[in-house]
Engineer: 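Here it is: the structure, laid out below.
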Amino acid sequence: MPTDNHFAEGRTLSVLLDRTLLTLSALTTAILFGWLLYYSSYGLNLADEGLYLNVIANPFPYAINVPPSLFGFVYHWPYQWAGGDIAVLRMANVTFTMALSWILSFLVIRRVWTAGWLHAAVLSAGIASLASCNFSGWWLTPSYYSLTFQSLLMVMAGLLLAERPGRIRQVLGWILVGVGGWCCFMAKPTTAAAIALVVMLYVVVLHRKSLLPMVGAALVALALMIITASLIDGGIAGLLTRMINSAEMEILLGAGHEVSLMFRIDWLAVSRSQLAIAVLVAIAFLLSILVGSTHKLLPSLALAAVLIVTIAIALLGTGPISIKSSTLFLVPAFTCLGAMFYRGGLVLRAQTPTSIALALTFLVLPHLFALGSNLNYWNLGAMAGLFWMLAAVALLSPLAQQGCSVAAALLPLSVLAQLLTASLVNGSLHKPFRQVKDLRAYTAVMPMPGGGKLVLSQSFRDYLATARSQARAAGLEAGTPVVDLTGLSPSLLYVLETRALGLPFLFGAQPGSNAVAVETLGLENCADLAKAWVVVEPEGPYRLDQASVMASFGARQADYVAAATFNPPIFDDDNPNAAKQFLFKPVRPAAIAEQSCREARRQRPHTQK
């Protein structure tokens with residue numbers, strides 16, 4: 001009897017510890033999610049977010065998309081629903097991304113682990129928090145990156161849902177695959193082609209059954225594509241012409257997007273500190289399994305301590321460790337590598353076809369996410385680093401066959417994901433890309449188009465407010481066409497509520513920047529160019545060649561008068577020597593300017609028209 005009582009007490013203690021940790025984990029997840037929502041109204045990127053906002057606010061005037069993505073049409077209606085409020089749009093983007101990540105993580109755990117609904121829900125939520133790496137650099141505004149990630153989440157969730165019993169679930173799963181495939185094409189056609197191949201291999205190799213459901217998903221994607229093409233370009237032929245011309249324009253830009261450079265193997269940049277962090281974390285994970293099988297209290301206290309540290313990072317903004325993109329891959333990789341030596345290679349010997357297929361698929365998805373980019377595939381793929389963690393979840397599933405509970409094996413992974421999340425978000429808040437450091441210190445409130453407000457650094461707020469007041473005083477009205485030759489300031493045009501001519505963002509500092517500006521402005525109506533204002537930054541590092549670009553539509557410096565002068569803020573990481581910007585107002589009669597534009601186009605070589 002004493003032995004039975006001791007066993008009952010031990011079991012009661014184990015259950016109590018599990019429930020306590022699950023509750024603390026759920027609380028941590030809620031805090032991390034609330035953290036993202038709270039700071040959604042903070043910060044604005046002068047360059048990239050201006051591109052996203054200009055495209056989302058009004059994607060219809062542009063016949064060319066650089067990069068070749070149609071994400072603006074997908075996000076235009078949510079933008080309208082949000083009333084143009086950037087903070088609300090960001091919150092919706094964060095919520096949708098985290099919800100999809102939670103659903104996918106839940107389906108993965110339920111598919112390859114034996115877990116109750118409550119355990120799976122809490123653990124998957126903790127793991128899904130790692131989806132916040134898609135916002136690294138503090139890019140919360142919807143973009144082609146966020147749409148690509150959301151698309152991959154939908155496709156994988158659809159595949160797993162289609163494997164569950166029940167006709168309705170299977171039909172809904174394949175519909176979700178089709179919708180995800182369409183969204184992926186709208187976001188990034190290169191990734192869409194790759195994920196289509198992955199889905200085909202996944203279905204054929206794993207199930208070896210009828211391809212009819214996959215054909216159904218393809219028909220769903222095709223139907224959505226036809227509807228989209230009809231609404232945007234009048235049909236499939238028009239849409240294909242748009243995408244081909246956009247791809248050619250991106251190649252002309254010379255930023256490294258050629259097909260010959262697309263399929264490459266980049267080096268994983270690893271520092272000694274990040275390597276040490278990954279090794280120590282992997283060892284800690286294995287020890288938690290080994291020690292937890294006999295002594296539950298010690299690993300439980302360690303996990304509780306990590307969760308408390310994670311909450312402290314979120315609430316206090318102080319991080320004991322700095323996580324880089326390489327760590328997002330190294331941590332799950334070393335964890336799985338170390339687990340392979342556990343109990344005579346159980347993890348390798350007891351793998352099922354499903355777990356292998358899922359692990360391999362998740363392993364390559366971050367690189368498919370980055371496919372076609374001119375950035376390092378490892379660094380950009382880390383924005384989809386959640387998939388690497390889900391690959392670990394699938395590979396470690398044989399541990400359950402040796403009596404290792406889902407809480408004992410997956411709770412450390414969930415806690416690890418939350419710690420990585422806190423470190424990544426904290427790093428992004430401290431050093432947002434192309435913004436003044438430390439978003440938490442921002443206090444200047446800036447009214448934005450659509451009636452919303454953002455909290456910005458004082459220097460950035462002063463720059464935007466001064467630009468808007470001076471421009472309005474000079475006679476610049478909302479909707480006025482503007483040619484931005486700074487090569488860096490599309491967000492300025494968004495705040496001024498003008499229409500960017502040529503492209504939503506005329507990129508600077510690229511070999512073909514001037515050529516792309518000339519070509520895309522050549523697609524604009526001469527009537528719009530005749531009345532367009534011009535923004536220049538003569539000493540800026542990203543400036544376009546003012547004389548040649550203006551000459552392409554028959555304009556000269558003498559045809560404008562300086563209406564305002566702005567001082568953009570200094571960004572230590574990207575714009576340490578900010579130069580003055582000038583807003584030029586056209587002074588020629590519109591009829592003469594329009595005629596000059598037509599004459600300049602007639603004189604251009606035929607190959608440049």
Side-chain angles (χ1 to χ4, degrees), residues 55-56 59-60 62-65 67-78 96 100 103-104 107 142-164 167-248 250 259 262 361 364-365 368-369 371-372:
V55 174
I56 292 170
F60 301 101
Y62 303 101
I64 298 290
N65 301 98
S69 171
L70 304 175
F71 74 97
F73 295 98
V74 178
Y75 287 128
H76 178 66
W77 307 120
F96 187 58
L100 285 175
I103 292 171
L104 176 58
L107 291 173
S143 66
Y144 52 90
Y145 288 129
S146 61
L147 185 57
T148 303
F149 183 54
Q150 291 162 0
S151 302
L152 295 177
L153 292 171
M154 283 189 279
V155 169
M156 294 307 300
L159 287 176
L160 288 171
L161 186 61
E163 294 179 0
R164 294 177 68 85
R167 185 69 174 175
I168 296 179
R169 290 176 179 175
Q170 294 172 5
V171 172
L172 290 177
W174 285 110
I175 291 176
L176 189 58
V177 171
V179 173
W182 167 74
C183 287
C184 200
F185 176 83
M186 297 293 286
K188 204 173 180 187
T190 51
T191 300
I195 195 59
L197 179 60
V198 168
V199 170
M200 185 181 300
L201 292 175
Y202 183 88
V203 174
V204 172
V205 174
L206 184 61
H207 296 286
R208 300 179 182 178
K209 295 180 181 179
S210 172
L211 298 180
L212 186 59
M214 187 173 64
V215 173
L219 290 176
V220 170
L222 180 60
L224 291 172
M225 192 62 61
I226 292 174
I227 295 173
T228 302
S230 300
L231 294 175
I232 296 174
D233 292 308
I236 291 292
L239 183 65
L240 290 177
T241 300
R242 171 194 289 268
M243 300 307 293
I244 292 172
N245 291 340
S246 298
E248 290 177 347
E250 190 168 43
V259 176
M262 186 181 304
T361 302
V364 302
L365 281 182
L368 300 187
F369 170 87
L371 184 65

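Quick caveat, the model's predicted, so the values are computed rather than measured.
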Engineer: If we ignore hydrogens and angles and just use 3.5 Å, is the side chain of Asn245 paired with the main-chain N or O of Thr241 as donor and acceptor?
Structural biologist: yes
Engineer: Of all heavy-atom pairs between Met243 and Pro189, which one has the smallest distance, and what is that distance?
Structural biologist: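 Met243 and Pro189 have their closest heavy atoms at CE-CG, 3.5 Å.
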Engineer: Show, in sequence, the C-alpha distance, side-chain angles and deciding distance for Ser146 and Tyr75, and conclude whether the side-chain hydrogen bond (donor to acceptor under 3.5 Å, both in side chains) test is met.
Structural biologist: CA-CA 11 Å; Ser146 61; Tyr75 287 128; 3.1 Å; yes
Engineer: So how far is it from Thr191 OG1 to Tyr144 OH, rounded to the nearest 0.5 Å?
Structural biologist: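 Reported value, rounded in 0.5 Å steps: 11.5 Å.
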Engineer: Is the side chain of Ser246 donor-acceptor paired with the backbone N or O of Asn65 at a distance under 3.5 Å, no angle test?
Structural biologist: yes
Engineer: Measure the CZ-CD1 distance between Arg242 and Ile232 for me, rounded to the nearest 0.5 Å.
Structural biologist: 6.0 Å
Engineer: Step through the shown structure and confirm whether more than 12 heavy atoms of other residues, nucleotides or ligands are within 6.0 Å of CE on Met200.
Structural biologist: no
Engineer: So do the side chains of Arg164 and Leu107 get within less than 4.5 Å of each other, counting heavy atoms only?
Structural biologist: yes
Engineer: First locate atom CD of Gln150, then atom SG of Cys183, and finally report the distance between them rounded to the nearest 0.5 Å.
Structural biologist: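 It is 8.0 Å, given to the nearest 0.5 Å.
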Engineer: What are the two closest heavy atoms between Ala247 and Pro68, and how far apart are they?
Structural biologist: N-CB, 4.2 Å
Engineer: Using modelled atom types only, decide if a donor and an acceptor are shared between the side chain of Tyr145 and the backbone of Phe369 within a distance under 3.5 Å.
Structural biologist: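 Absent.
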Engineer: Evaluate Val177 against Met154 for side-chain contact (heavy atoms from CB on, under 4.5 Å), listing each step before the verdict.
Structural biologist: CA-CA 6 Å; Val177 171; Met154 283 189 279; over 6 Å; no
Engineer: Rounded to the nearest 0.5 Å, what separates atom CZ in Phe71 from atom CD1 in Ile56?
Structural biologist: 5.5 Å
Engineer: Please list, chain by chain and in numerical order, all residues satisfying side chain to side chain donor-acceptor pair (under 3.5 Å) with Trp182, sequence neighbours excluded.
Structural biologist: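 Testing Trp182 for side chain to side chain donor-acceptor pair (under 3.5 Å), a comparison that skips the adjacent residues, returns Thr228.
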Engineer: In a table with atom names and distances, give each donor-acceptor pair under 3.5 Å that connects a side chain of residues 212-223 to protein atoms at least two apart or in another chain.
Structural biologist:
none

Engineer: Got a donor-acceptor contact below 3.5 angstrom from the Ser69 side chain to the Met186 backbone?
Structural biologist: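 Indeed, once roles are kept as given, a pair shorter than 3.5 Å links the two residues.
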Engineer: Supply the atom-to-atom distance Thr148 OG1 to Ile195 CD1, rounded to the nearest 0.5 angstrom.
Structural biologist: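 Between atom OG1 of Thr148 and atom CD1 of Ile195 there are 11.0 Å.
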Engineer: Taking atom CD1 of Ile168 as the centre, does the number of heavy atoms from other residues, nucleotides or ligands within less than 6.0 Å exceed 12?
Structural biologist: no
Engineer: Excluding sequence neighbours, so at least two apart, what forms side chain to side chain contact (heavy atoms under 4.5 Å, CB included) with Ala194?
Structural biologist: Leu368, Leu371
Engineer: One pair to check against side-chain contact (heavy atoms from CB on, under 4.5 Å): Leu70 and Leu239. What are the steps and the verdict?
Structural biologist: CA-CA 10 Å; Leu70 304 175; Leu239 183 65; 3.5 Å; yes
Engineer: If I take atom CD from residue Glu250 and atom CD1 from residue Ile64, how far apart are they, to the nearest 0.5 angstrom?
Structural biologist: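 Spacing of CD (Glu250) from CD1 (Ile64) equals 11.5 Å.
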Engineer: Determine the interplanar angle of the Phe60 and His76 rings, folded into 0 to 90°, and report it as parallel if under 30°, tilted if 30 to 60°, perpendicular if over 60°.
Structural biologist: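 If you compare the ring of Phe60 with that of His76, the planes turn out perpendicular.
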Engineer: Quick one: closest heavy-atom pair of Val55 and Gly72, and the distance?
Structural biologist: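 For Val55 versus Gly72, the nearest heavy atoms are CG1-CA, 3.4 Å.
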